[in-house]
Structures are given as C-alpha cells and as structure tokens.
Amino acid sequence: QVQLVESGGGLVQSGGSLTLSCAASSSSVSFNAMAWYRQSPGNQRELVAMATTNRDPDYAESVKGRFAISRDKDKNIVTLQMDSLKPEDTAVYFCNARSWQGYNYWGQGTQVTVSS
C-alpha cells in the first residue's frame, strides 16, 4: 500500500508564498503522473497542477503564472511552489499520484489559508 505524505501548508498573507511537498512512501512504485488538487468548503475538488511523464505540466487557469509544479520521478516526490497567493487560493490541498495502471493514490490533505 502506497501512502502519500504532504507537508508545507499553513497560514500566509495575501501576496505571500508557500511550498507544498508530497512524498510517496515507496520509491519502488512508478507513477505516470503526480498532481495537486484543492477543495474549499462547498466546492468540488479541482485540479491545480499536474506533472505527467513526458509532457509539459498542466495548470488550472486561475494559478498559471503564480504556481509551479516540479517532480522527482526517481524519488516519487512532487512539489508545488505557490507565489502571489490570493485569499481565493484558500483550500485543503491534496496530493495525487496515478500509477501506469490507472490507480489513483491520495494524500490526507494539507490546509492552506491566505488572509487578506
């Protein structure tokens, strides 16, 4: 059983920065993609950024130019650098990893709160 462990959430003022990290408990599993999703109260979980093998990263329109995803495929670590944060970025952020067989793994979520 692979577990995803997230870190780096917290409280930051508008315009500030945070870095989220996610590490898989096993480096022997190979993932096709690793991603970050977020969910705020009353809203559906939405994709924030995805790093897919042999493809350019994908970003939600709302975070383009502000967030950057990076992935270490050998260590199964994915990082989300978040700059110029806005109050509307406040949400629980979830790490996701998708195996080549199509199975999805999820982290437990980390809270990001941006104060105005």
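In this text the structure is predicted, and so the values were computed from the model without any measurement. Note that these values count all heavy atoms, side chains included, but never hydrogens, waters or copies made by symmetry.
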Item to check | Inter- and intrachain pairs under salt bridge (Lys or Arg N to Asp or Glu O under 4.0 Å), touching residues 91-113, at least two apart | outcome: none
Checklist entry - Can you name the nearest heavy-atom pair linking Asn43 to Ser40, along with the distance? => result ND2-OG, 2.7 Å
Checklist outcome for this item: Scanning both residues in full, the closest heavy-atom pair of Ala60 with Leu47 reads CB-O, 3.4 Å
Next on the checklist: Please determine whether residues Val112 and Met50 belong to a single hydrophobic cluster, defined as Ile, Leu, Val, Met, Phe, Trp and Tyr linked transitively by side-chain heavy-atom distances below 4.5 Å.
Outcome noted: no
Checklist entry - For Ile77, which residues count as a side chain to side chain contact (heavy atoms under 4.5 Å, CB included) partner, sequence neighbours excluded? => result Ala23, Asp72, Lys75, Thr79
Checklist entry - Ile69 and Ala51: which non-hydrogen atoms are nearest, and at how many Å? => result CD1-N, 3.7 Å
Checklist entry - Do Val78 and Tyr103 share a hydrophobic cluster (ILVMFWY, side-chain heavy atoms under 4.5 Å, transitive)? => result yes
Item to check | OG-CD distance between Ser25 and Gln1, expressed to the nearest 0.5 angstrom | outcome: 8.0 Å
Item to check | Non-neighbouring partners of Thr53 that pass side chain to side chain contact (heavy atoms under 4.5 Å, CB included), sequence neighbours left out | outcome: Asn32, Arg71, Lys73, Trp100
Item to check | Residue pairs fulfilling disulfide bond (SG atoms under 2.5 Å apart) with at least one residue in residues 34-85, sequence neighbours excluded | outcome: none
Item to check | Heavy-atom pair of closest approach, residues Val48 and Tyr37 | outcome: CG2-C, 3.9 Å
Checklist entry - Above 12 or not: heavy atoms from other molecules or residues under 6.0 Å from CD of Gln3? => result no
Checklist entry - Is a side-chain donor-acceptor pair under 3.5 Å present for Ser115 with Gln13? => result no
Checklist entry - Quick check: does any side chain N or O of Ser14 sit under 3.5 Å from a backbone N or O of Ser116, one acting as donor and the other as acceptor? => result no
Checklist outcome for this item: Here the ring pair (Phe, Tyr, Trp, His ring centres under 6.0 Å) pairs for residues 46-74, sequence neighbours left out, are none
Checklist entry - Which distance, rounded to the nearest 0.5 Å, do you find between the SG of Cys22 and the CG of Leu80? => result 10.5 Å
Checklist entry - Do Ser17 and Met82 come within less than 4.5 Å of each other through their side chains, counting heavy atoms only? => result no
Next on the checklist: For Leu20, is there any backbone N or O sitting under 3.5 Å from a side-chain donor or acceptor partner on Glu6?
Outcome noted: no
Which donor-acceptor pairs under 3.5 Å do the side chains of residues 88-97 make with protein atoms, sequence neighbours left out?
unit_1: Asp89; atom_1: OD1; unit_2: Arg38; atom_2: NH1; d: 3.0
unit_1: Asp89; atom_1: OD1; unit_2: Arg66; atom_2: NH2; d: 3.1
unit_1: Asp89; atom_1: OD2; unit_2: Arg66; atom_2: NH1; d: 2.8
unit_1: Asp89; atom_1: OD2; unit_2: Arg66; atom_2: NH2; d: 3.4
unit_1: Asp89; atom_1: OD2; unit_2: Lys86; atom_2: N; d: 2.8
unit_1: Thr90; atom_1: OG1; unit_2: Pro87; atom_2: O; d: 2.9
unit_1: Thr90; atom_1: OG1; unit_2: Val114; atom_2: N; d: 2.9
unit_1: Thr90; atom_1: OG1; unit_2: Val114; atom_2: O; d: 3.4
unit_1: Tyr93; atom_1: OH; unit_2: Arg38; atom_2: NH1; d: 2.9
unit_1: Tyr93; atom_1: OH; unit_2: Asp89; atom_2: O; d: 2.6
unit_1: Asn96; atom_1: ND2; unit_2: Asn104; atom_2: OD1; d: 3.1
unit_1: Asn96; atom_1: ND2; unit_2: Tyr105; atom_2: O; d: 3.4

Checklist entry - Does a side-chain heavy-atom distance below 4.5 Å link Phe31 with Val2? => result yes
Next on the checklist: Main chain of Gly16, side chain of Asp83: is a donor-acceptor contact present, judged purely on distance under 3.5 Å?
Outcome noted: no
Next on the checklist: Show, in sequence, the C-alpha distance, side-chain angles and deciding distance for Arg45 and Trp106, and conclude whether the side-chain contact (heavy atoms from CB on, under 4.5 Å) test is met.
Outcome noted: CA-CA 12 Å; Arg45 190 172 297 187; Trp106 291 95; 3.3 Å; yes
